[in-house]
Amino acid sequence: MALELRRAGFTDITILEQGDGVGGVWRVNTYPGAACDVPSPLYSISSNPNPDWSRRFAEQSDILAYLRDVAARHDLLRLVRFGVTVTTAEFDERTNRWSVCTADDEVIESDVLVTAVGQLSRPSLPNIPGRETFAGSAFHSAEWNHDLNLSGERVAVIGTGASAIQFVPEIAPEVGRLTLFQRSAPWILPKPDCVYGDWHHRVFRTVPATLRGERFLTWAIFEILTVALVDTKWRGALAGVLARRHLERQVSDPALRAALTPDYEPGCKRMLLSDEYYPTLTRSNVDLVIASIDRIEPDGVRTVDGTLHPADVIIYGTGFAATEFLAPMTVRGRDGTSLDDAWSDGAHAYLGITTAGFPNLFMLYGPNTNLGSGSIVHMLESQARHIAGLVGWLAEHPGCAIEVDAGVERRFNDRVQRKLSDSVWSLCSNWYRTVSGKITNNWPGTVTAYRRRTRRPSRRDYRITGRPTGPADTPLAPGAADSHRSR
């Protein structure tokens with residue numbers, strides 16, 4: 001966002017970061033085996049290609065180093081205030097400005113507020129009876145306890161999502177016994193990974209078109225997969241065939257293979273990539289438990305069949321509070337309306353970027369902008385460009401406010417929900433849906449379609465409201481930019 005605003009000529013930018021460094025989830029998630037399931041050439045900023053990725057599917061340390069390098073090369077670190085936790089944000093209709101309050105009781109005023117808190121930033125712990133009674137060590141995978149030596153320990157892992165299939169193969173060889181509790185089996189495809197050697201790096205550097213070519217090929221494959229998930233179900237079924245063959249090749253035991261066969265449509269939950277997960281579950285010191293958990297006791301995990309599974313350590317691979325957008329911040333717009341109230345039936349926003357009644361508030365990775373297939377970086381770039389265009393309009397109308405027309409937002413979201421209701425994501429329980437079943441996370445189309453919709457703001461979709469009585473020449477937002485271009 002900062003890069004795009006600077007490109008548009010805005011310089012007064014402040015980024016408030018709760019952590020002690022840049023990198024977001026790639027700074028926080030340091031569990032063993034943490035890596036991206038999108039190939040690195042596509043999971044990068046288009047204006048900042050990286051010819052030095054160590055492998056096709058970059059690991060956490062590589063991605064974090066890349067993000068730090070981009071921030072340093074573009075002199076963005078001086079824009080960031082680290083260790084700042086935002087608690088509330090309120091829009092003042094008298095001045096058309098936002099007041100942002102921090103946990104340290106500091107109040108920061110801004111013309112524009114951009115939120116970039118992500119969808120997968122708040123770890124979710126399961127509501128299992130007795131969880132607090134466990135006598136051993138317990139932690140979420142996103143809060144990995146690196147001080148704990150797992151060697152020889154009896155480890156219970158709860159959850160079989162994207163994080164678990166990465167860290168389970170890493171820790172299984174060192175633990176005494178690993179018990180994996182599976183609520184539902186994931187669809188897993190082969191991972192076409194490879195190490196980039198010196199010759200790759202030389203070619204990528206001397207012939208940049210090769211790096212762009214791999215990026216384009218990856219993008220095209222994901223676009224086809226996206227169409228399979230939303231529009232052409234037979235292609236999704238084909239992915240299921242490939243996943244079943246992968247399982248059959250790697251697991252010979254019929255009983256274990258049956259337990260690892262998903263009972264829902266391919267793609268309803270995010271399809272995962274791994275060549276190590278299935279072989280790990282065939283190890284002699286690994287047990288797969290498919291019986292439901294009844295409760296947690298001081299000595300381990302008891303399932304509904306009455307069996308107590310002893311454990312010294314419990315690791316929760318149970319995902320994130322993905323549908324609670326912008327939580328735990330309190331955000332109030334016009335007339336003091338709370339965003340929680342506006343989203344009482346599930347989060348919604350025009351293009352996933354802005355919600356009627358909340359002027360000058362723009363979101364990155366907002367409602368219905370997640371992808372079942374593809375690179376979220378591509379989506380973020382589209383959003384940043386669109387937001388920069390809106391900030392440009394505000395620069396033409398100093399001191400005013402801009403918000404999406406309520407009717408435009410409603411019609412847009414009605415279309416999105418209609419299309420989502422026919423998608424594969426509506427066919428099972430997943431983290432894309434609220435308790436009521438509304439899909440608030442995913443975009444029901446290709447990234448190409450989204451980029452076309454967001455390429456430039458349409459004036460008929462937005463309304464600019466009047467000049468306030470207060471001074472117009474004021475600085476802009478934490479996580480945003482000044483409404484006055486640099487001269």
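When reading the values below, keep in mind they use all heavy atoms of this one structure, side chains included, and skip hydrogens, waters and symmetry mates.
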[X] side chain to [Y] backbone, donor-acceptor under 3.5 Å:
{"X": "Tyr365", "Y": "Ile376", "value": "no"}
{"X": "Asn442", "Y": "Tyr432", "value": "no"}
{"X": "Asp193", "Y": "Phe57", "value": "yes"}

Do other residues, nucleotides or ligands put more than 12 heavy atoms under 6.0 Å from [X] [atom1]?
{"X": "Arg455", "atom1": "CZ", "result": "no"}
{"X": "Asp75", "atom1": "CG", "result": "yes"}
{"X": "Phe216", "atom1": "CZ", "result": "no"}
{"X": "Glu170", "atom1": "CD", "result": "yes"}

| task | Evaluate the side-chain contact (heavy atoms from CB on, under 4.5 Å) criterion for residues Ile108 and Ser99: first the C-alpha distance (whole Å), next the side-chain angles of each, then the deciding distance (0.1 Å), finally the verdict. | result | CA-CA 6 Å; Ile108 304 167; Ser99 293; over 6 Å; no
| message | Between Asp405 and Arg460, does any NZ, NE, NH1 or NH2 come within less than 4.0 Å of an OD or OE carboxylate oxygen? | response | no
| Pairing of Arg81 and Glu17 as salt bridge, 4.0 angstrom limit | no
| request: State which residue, out of Gln60, His146, Glu143, fulfils the side chain to side chain donor-acceptor pair (under 3.5 Å) condition with Thr30. | output: His146
Closest heavy-atom pair and its distance - [X], [Y]:
{"X": "Gly267", "Y": "Trp187", "answer": "N-CD1, 4.3 Å"}
{"X": "Ala327", "Y": "Arg122", "answer": "O-CD, 3.1 Å"}
{"X": "Leu113", "Y": "Ala89", "answer": "CD2-CB, 3.7 Å"}

| said: Between Glu396 and Arg459, is the salt bridge (Lys or Arg N to Asp or Glu O under 4.0 Å) condition met? List the steps. | reply: CA-CA 13 Å; Glu396 299 170 0; Arg459 295 214 178 233; 3.0 Å; yes
| said: Using a 6.0 Å distance limit plus a 45 degree cone around the ring axis, check whether Arg433 lies over the aromatic ring of Trp425. | reply: no
| task | Take Arg205 and Asp52 through the test side-chain contact (heavy atoms from CB on, under 4.5 Å) and record every step on the way to the result. | result | CA-CA 8 Å; Arg205 283 185 174 279; Asp52 298 320; 2.4 Å; yes
| Candidate pair Trp26 and Cys36, rule side-chain contact (heavy atoms from CB on, under 4.5 Å), full reasoning | CA-CA 9 Å; Trp26 297 110; Cys36 189; 3.9 Å; yes
